[in-house]
There are 2 protein chains.
Amino acid sequence: MPRSTRRRPALAHPEAESIDLYDVLHALSDPTRMTIVRILRTEPERACGTFPVDVAPSTLSHHFKVLRESGVISQREEANRRFSALRTVDLEQRFPGLLDTVLAALARNGDDA
Amino acid sequence: MPRSTRRRPALAHPEAESIDLYDVLHALSDPTRMTIVRILRTEPERACGTFPVDVAPSTLSHHFKVLRESGVISQREEANRRFSALRTVDLEQRFPGLLDTVLAALARNGDDA
DNA sequence: ACTCAATTTCGGTGTTTGTCGAACATCGCA
DNA sequence: TGCGATGTTCGACAAACACCGAAATTGAGT
């Protein structure tokens, strides 16, 4: 097999201006994904495997894909690891206040659920 | 069959304090339902059949149920009709700013989509 | 009583979702 | 070169979802 081709397909991220509200709301309507977002809120960046969610690795990978393709997070590759970060600036530009409001609402919902 | 029982099962509405964030976000992540919410924002109350969405009546009924059971809208019966209203006060109390922020975001998303 | 209008409920269909395990790819390191 | 760690992709599966048409319900009007 040709080794000259790009190793990985390159991660797909939507442009800031084309982030879709319905995709974002859907991404945030899952507890596992919301947990990821909440944690990412407190840290600039974090490796995928280090999130305290108890689902199978493949499931976690799926959730990261949903978050990334909706525009909520960005991911960069470094060696073996994949680091995720909240797209706070892009989200704030596209939908001002949305992330803060939802995370504040989450705190009221009970952090556990 | 006993006619003395309540004719309709009585509409189920969650208490304001027990409105769940994930249910709300899920309810809002559908364009048809968001259209309903957006219109309801401009009017205190409206009959089900009068919303300009082009889905079958049975589908519309389903969407109203999702919105009602998530706590986003309330419904009251009057004769043949069923009137829906946004639960603005309850939502504001439970998740301050959420509805406004999401609706503002919707305006940026393009009202059509 | 009969009919019409508004809406729900009931079955059904096709799609999407969250989940998993197994297999694969990539990198760092011994 | 081989091993272990990290993470993804690939089916597969059950549950949930959006949608419809047909039938049922309910109340108003004739």
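We name chains A, B, ... by the order of the sequence lines, and we start the count at 1 in each one.
Taking the side chain to side chain donor-acceptor pair (under 3.5 Å) definition, one finds that Glu43(A) meets it with Arg46(A), sequence neighbours left out. Listed by chain and number, the residues in a side chain to side chain donor-acceptor pair (under 3.5 Å) with Ser70(B) amount to none (sequence neighbours excluded). A search for salt bridge (Lys or Arg N to Asp or Glu O under 4.0 Å) contacts involving Glu78(B) returns Arg76(B), not counting sequence neighbours.
The CZ atom of Phe83(A) sits 15 Å away from the C1' atom of dT26(C) (whole-angstrom rounding). Note: CG (Leu60(B)) to P (dC17(D)) measures 17 Å, nearest angstrom. Between Arg76(B) atom CZ and dT26(D) atom P the separation is 19 Å, expressed in whole Å. Protein atom CD of Gln75(B) is 16 Å distant from nucleotide atom P of dA6(C), rounded to whole Å. The distance from atom CG of Asn80(A) to atom P of dC27(C) is 8 Å, rounded to the nearest whole Å. Separating the CD atom of Glu69(B) from the P atom of dA18(D) is a distance of 13 Å, rounded to the nearest angstrom. As rounded to whole Å, 15 Å separates atom P of dT25(D) from atom CD of Glu77(B). The distance between atom CZ of Arg82(A) and atom C1' of dT26(C), rounded to the nearest whole Å, is 11 Å.
Summarising the geometry, atom NZ belonging to Lys65(A) is positioned 12.5 Å from atom CG belonging to Leu67(A); distances are rounded to the nearest 0.5 Å. Between atom CE of residue Met34(A) and atom CG of residue Asn109(A) there is a gap of 8.0 Å, rounded to the nearest 0.5 Å.
The nucleotide whose nearest atom lies closest to any side-chain atom of Ala47(B) is, among dT26(D), dG7(D), dT7(C), dT7(C). Distance from the side chain of Cys48(A) is smallest to dG7(D) among dT7(C), dG7(D), dA5(C).
Side-chain N/O atoms of Arg81(A) include none lying less than 4.0 angstrom from OP1 or OP2 on dA5(D).
Sorted by first and then second residue, the ring pair (Phe, Tyr, Trp, His ring centres under 6.0 Å) pairs with a member in residues 27-68 of chain B read Phe51(B)-Phe64(B); sequence neighbours excluded. Sorted pairs that involve residues 86-107 of chain B and meet ring pair (Phe, Tyr, Trp, His ring centres under 6.0 Å), not counting sequence neighbours, are lacking altogether.
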What one-letter contact string describes nucleotides 10-19 of chain C from 5' to 3', where B marks a base within less than 4.0 Å of any protein heavy atom, S marks contact via sugar-phosphate atoms alone, and - marks no contact?
-------SSB

